[in-house]
Structure formats: structure tokens, C-alpha cells
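Below: the structure, in C-alpha cells.
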Amino acid sequence: MDPATSELAGTEPTGTDLGSTDLASTDLGSTDLASTATAWFDENARDLPWRHPSAGAWGVLVSEIMLQQTPVARVEPAWRSWMARWPDPASLAADTAAEAIRAWGRLGYPRRALRLHACAQAIVEQHGGVVPARLEELLALPGIGTYTARAVAAFAYGQRQPVVDTNVRRLIARAVAGRADAGPATTVADLDAVEALLPASDRLAARASAAFMELGALICTARSPRCHECPFWSVCAWRLTGSPAPTGPTRRPQRYAGTDRQVRGLLLAVLREESGPVPAARLDLVWPEQAQRARALAGLVEDGLVVPVSGHRFALAGEEAGQHP
DNA sequence: CAAACGTGGAC
DNA sequence: TGTCCAAGTTT
């Protein structure tokens with residue numbers, strides 16, 4: 001409908017009393033969204049390993065990369081083994097990209113593994129092996145964009161940063177703007193709108209950011225929001241107007257079967273299972289149409305995930321040495 | 001800026 | 001069974 005404008009902006013804070021919740025932890029009014037969400041978070045936050053102080057900034061960074069488009073349930077075991085093997089940037093940087101891609105397993109979007117490996121090397125080379133805390137420096141690292149940079153700054157370093165992911169966009173679109181769903185992209189306006197909701201102190205703001213995300217992930221879900229359990233129940237603009245259905249055209253064809261993505265996945269699955277270069281003939285088996293197969297393989301090479309080796313063989317990046325007979 | 005980029009689970 | 005969805009980034 002209005003693609004140029006942000007769904008997150010445009011409504012004023014409510015002064016309505018929530019009534020049922022005791023929010024004694026703040027000295028300000030107890031009815032703003034941030035403190036309401038935080039109070040809920042205090043009672044309902046999941047005990048995720050990267051939320052423990054022991055996870056450190058590296059643990060937070062790794063979790064954020066893994067969580068880009070991959071559900072928590074699948075990330076958790078992968079994160080544990082990853083951190084056990086590479087507890088800091090230096091250890092990952094010292095290993096091959098191939099091992100990172102292999103350890104990534106089936107989390108999806110394996111370019112993230114490659115970028116995380118490159119990210120670790122950049123952290124070692126440019127930041128002495130310490131995950132940087134400044135937004136500018138985080139944004140300059142491979143695989144780290146608007147969301148992830150702020151997530152690391154807030155969750156690892158306790159900074160006051162608007163952390164806007166799909167969950168927060170949806171939550172605020174409903175609660176504040178009264179819309180059924182958020183728009184497609186994170187805009188500057190989105191960041192500003194969320195920033196305006198954050199408490200003044202760094203510590204409380206970071207906590208509120210985590211609370212907003214958790215609320216979006218557990219309660220204000222895309223499919224069947226659990227409004228009856230939502231702490232925003234009495235103030236949510238969307239619910240207050242009868243929870244109208246989403247307007248506008250439904251988007252995204254996004255098929256998967258038969259796409260280059262599927263073929264890339266099949267190709268990479270073979271290479272992951274092998275310990276070194278694989279004959280091209282072996283890769284030919286994964287997909288019947290040679291043209292698409294060649295295109296997918298070329299794409300993997302172009303992305304730097306796969307490297308051609310002499311003698312019509314291919315290997316995971318960093319493994320082209322081929323010490324196997 | 002739209003499109004590309006994996007994968008598996010829930011409904 | 002097919003569609004929808006999951007803590008985005010890059011080009």
C-alpha cells in the first residue's frame with residue numbers, strides 16, 4: 001500500500017494504565033512499551049546459551065549470524081558444537097574455510113559460514129582478536145549488516161541501540177501502528193521509531209531490545225499470534241481495532257524445488273561429506289540437467305564456497321590442496 | 001532495489 | 001501435499 005513509508009512510525013505513546021502488571025523496577029511511568037515488554041521478558045525469556053554472560057561477544061556474534069533466517073531450535077545444537085570447537089575468533093581464523101562450511105552443516109545459506117570465517121579473520125587482523133564494540137567497526141565486518149551489528153552492540157556490549165529484526169518490525173507494526181504486518185525492509189525510519197521506544201539507560205535499553213524480539217518470536221508471531229498471553233493486550237493498536245486482516249497484495253513466489261538454490265544445496269552436501277577434492281563426475285550425479293548443474297556449480301565457485309582443482313575436481317574453499325590420493 | 005541465497009518443521 | 005515461515009546480508 002504505502003511502500004515508501006514506515007509502518008513503525010506515526011502513532012503516539014499511550015498513557016493507558018495496564019492495571020494488572022506490577023512494574024516496580026522503573027521509577028518512571030510503568031505503562032510504556034519498553035518496561036512492559038521487559039517485565040514480561042523477566043518472567044518468560046528462554047534460557048538460550050548465547051544469553052549467558054559466559055557466551056561473550058564472540059558467542060553472541062556467532063549466534064546472530066546463525067540465526068539469520070534459521071530457527072532457534074536448529075541453531076542451538078550447532079552453536080554449542082561451534083563454540084566448543086572455536087571458542088574465539090582466533091581459533092576459527094586459524095582453521096580452514098572448508099571446516100567452517102562443513103561444521104555449518106545444514107543450517108542453510110552456507111555463505112554465512114564463509115563470511116563468519118572471513119569475519120573471524122578480520123577480527124584477528126584488524127581488532128586484535130577481539131570482537132569490536134563500535135557500530136561502525138561491526139558493520140564493516142563480513143556478513144554483518146544493520147541488524148546484526150546492532151544486536152551485537154546491544155546484547156554483547158549492553159549498548160542502547162535500536163535492534164530491528166522481523167520480529168520487532170511485526171510487533172511494533174501491530175502494537176504501535178495498528179497494522180496486521182510489517183513491511184518488507186528495515187528502514188532508517190524503522191530504526192528511529194524503535195529507538196524512540198527505548199529507555200534512556202544503556203542497560204535497560206539493551207534489555208528492552210531483547211524483550212521486544214522475544215515478544216515477537218514467542219507471542220506476536222506471524223501466523224497465530226497469542227494475543228491473550230500478550231502483555232500489550234490492553235494497549236495494542238492492532239488488537240484494539242479488531243485485529244484486521246492484512247491488506248495489500250500477498251507477495252513472494254519463492255519456490256525452492258527445482259531452483260538453482262536446491263542444486264547448490266545438493267552439490268554442497270556432497271562436498272561437505274568428503275574430506276577433500278571430489279571428481280566432477282561425482283557431482284554430476286546430484287542433478288540430471290547439466291546446464292543447471294553447471295550454473296549452480298559456477299555460482300558456488302563465484303561465491304568462494306567451492307574451488308576448482310586440477311583434473312576436473314572440486315573442493316570446499318581452503319581445501320583445494322587435496323592431500324588425498 | 002528486487003532478487004538471490006538453504007533447509008526443515010508446522011499447519 | 002503444498003505453502004508459509006525462521007534473530008538478514010549482499011549485489
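Residue numbers start from 1 in every chain, and the chains themselves are labelled A, B, ... in the order their sequence lines are given, proteins ahead of strands. Every value quoted in this text rests on a predicted model; they were computed, and no experiment measured them.
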Checklist entry - Which part of the nucleic acid, if any, lies within reach of A:G108 when heavy atoms closer than 4.0 Å are counted: base, sugar-phosphate only, or nothing? => result base
Next on the checklist: Measuring from the side chain of A:T148 (C-beta onward, heavy atoms only), which nucleotide among C:dG8, B:dT7, C:dA7 has the closest atom?
Outcome noted: C:dG8
Checklist entry - How long is the span from the CG atom in A:L285 to the CG atom in A:L266, to the nearest 0.5 Å? => result 11.5 Å
Item to check | Heavy-atom pair of closest approach, residues A:A55 and A:M83 | outcome: O-CE, 4.2 Å
Checklist outcome for this item: So side chain to side chain donor-acceptor pair (under 3.5 Å) across residues 114-135 of chain A, not counting sequence neighbours, yields A:R134-A:E137
Next on the checklist: Would you compute the distance between atom CZ of A:R74 and atom CE of A:M66 and round it to the nearest 0.5 angstrom?
Outcome noted: 11.5 Å
Checklist entry - Is it true that a side-chain atom of A:D260 and a backbone atom of A:A296 form a donor plus acceptor pair closer than 3.5 Å? => result no
Next on the checklist: Please classify the nucleic acid contact of A:L300 as base, sugar-phosphate, or nothing, using heavy-atom distances under 4.0 Å.
Outcome noted: nothing
Checklist entry - Where along residues 110-124 of chain A does a heavy atom fall under 4.0 Å from DNA chain B? => result A:P110, A:R111, A:R112
Next on the checklist: Could you check whether A:R112 and A:T70, counting side-chain N and O atoms only, form a donor-acceptor pair closer than 3.5 Å?
Outcome noted: yes
Checklist entry - Base, sugar-phosphate alone, or nothing: which one does A:R150 contact when heavy atoms must sit under 4.0 Å apart? => result nothing
Checklist entry - side-chain contact (heavy atoms from CB on, under 4.5 Å) with A:I219: which residues, sequence neighbours excluded? => result A:W40, A:L215, A:R226, A:E229, A:C230
Next on the checklist: With rounding to the nearest 0.5 angstrom, report the CG to OH distance, A:L138 to A:Y157.
Outcome noted: 7.5 Å
Next on the checklist: With rounding to the closest Å, how many angstrom separate the P atoms on C:dT11 and B:dG6?
Outcome noted: 14 Å
Checklist entry - For A:L305 and B:dT7, what is the distance between atoms CG and C1' respectively, to the nearest whole Å? => result 15 Å
Next on the checklist: Between C1' on B:dA4 and CD on A:E302, what's the gap in Å once rounded to a whole number?
Outcome noted: 12 Å
Checklist entry - How would you label the contact of A:W50 with the nucleic acid (heavy atoms, under 4.0 Å): base, sugar-phosphate, or nothing? => result base
Item to check | Atom of A:L141, atom of A:A122 and distance for their closest heavy-atom approach | outcome: CD2-CB, 3.7 Å
Checklist entry - According to a strict under-4.0 Å criterion, is A:R272 in side-chain N/O contact with OP1 or OP2 of B:dT7? => result yes
Next on the checklist: Is there a side-chain contact between A:Y147 and the phosphate of C:dT9, meaning an N or O under 4.0 Å from OP1 or OP2?
Outcome noted: no
Item to check | 5' precedence on DNA chain B between A:R106 and A:R223 (nearest-nucleotide basis) | outcome: A:R106
Checklist entry - What does A:I144 touch in the nucleic acid at a heavy-atom separation under 4.0 angstrom: a base, only the sugar-phosphate, or nothing? => result sugar-phosphate
Next on the checklist: Which residues in residues 67-84 of chain A have a heavy atom closer than 4.0 Å to any atom of DNA chain C?
Outcome noted: A:L67, A:Q68, A:Q69, A:P71, A:V72
Checklist outcome for this item: Which of C:dA7, C:dC5, C:dT9 is nearest the side chain of A:A222? It is C:dC5
Checklist entry - If you find the nucleotide of DNA chain C closest to A:S63 and the one closest to A:L141, which residue's nucleotide is nearer the 5' end? => result A:S63
Item to check | d(CD1, A:I101; P, B:dT7) in whole Å | outcome: 12 Å
Checklist outcome for this item: Exactly one candidate in A:L267, A:L300, A:L271, A:L316 meets side-chain contact (heavy atoms from CB on, under 4.5 Å) with A:L305; the answer is A:L300
Checklist entry - Rounded to the Å, how far apart are A:R170 CZ and C:dG8 C1'? => result 14 Å
Checklist entry - Do A:E64 and A:Y147 have a side chain donor and acceptor closer than 3.5 Å? => result yes
Item to check | C:dA7 versus B:dC11 - spacing of their P atoms, nearest Å | outcome: 15 Å
Checklist entry - Starting at CG of A:D303 and ending at P of C:dT10, how long is that distance when rounded to a whole Å? => result 13 Å
Checklist outcome for this item: When every non-hydrogen atom of A:A315 is compared with those of A:P277, the smallest separation belongs to CB-CA, 3.8 Å
Checklist entry - Does A:R46 have any side-chain contact (heavy atoms from CB on, under 4.5 Å) partners at least two apart in sequence or in another chain, and if so, which? => result A:L48, A:R51, A:V72, A:E214, A:A217, A:L218
Checklist entry - Which of residues 206-220 of chain A have a heavy atom under 4.0 Å from DNA chain C? => result A:M213, A:A217
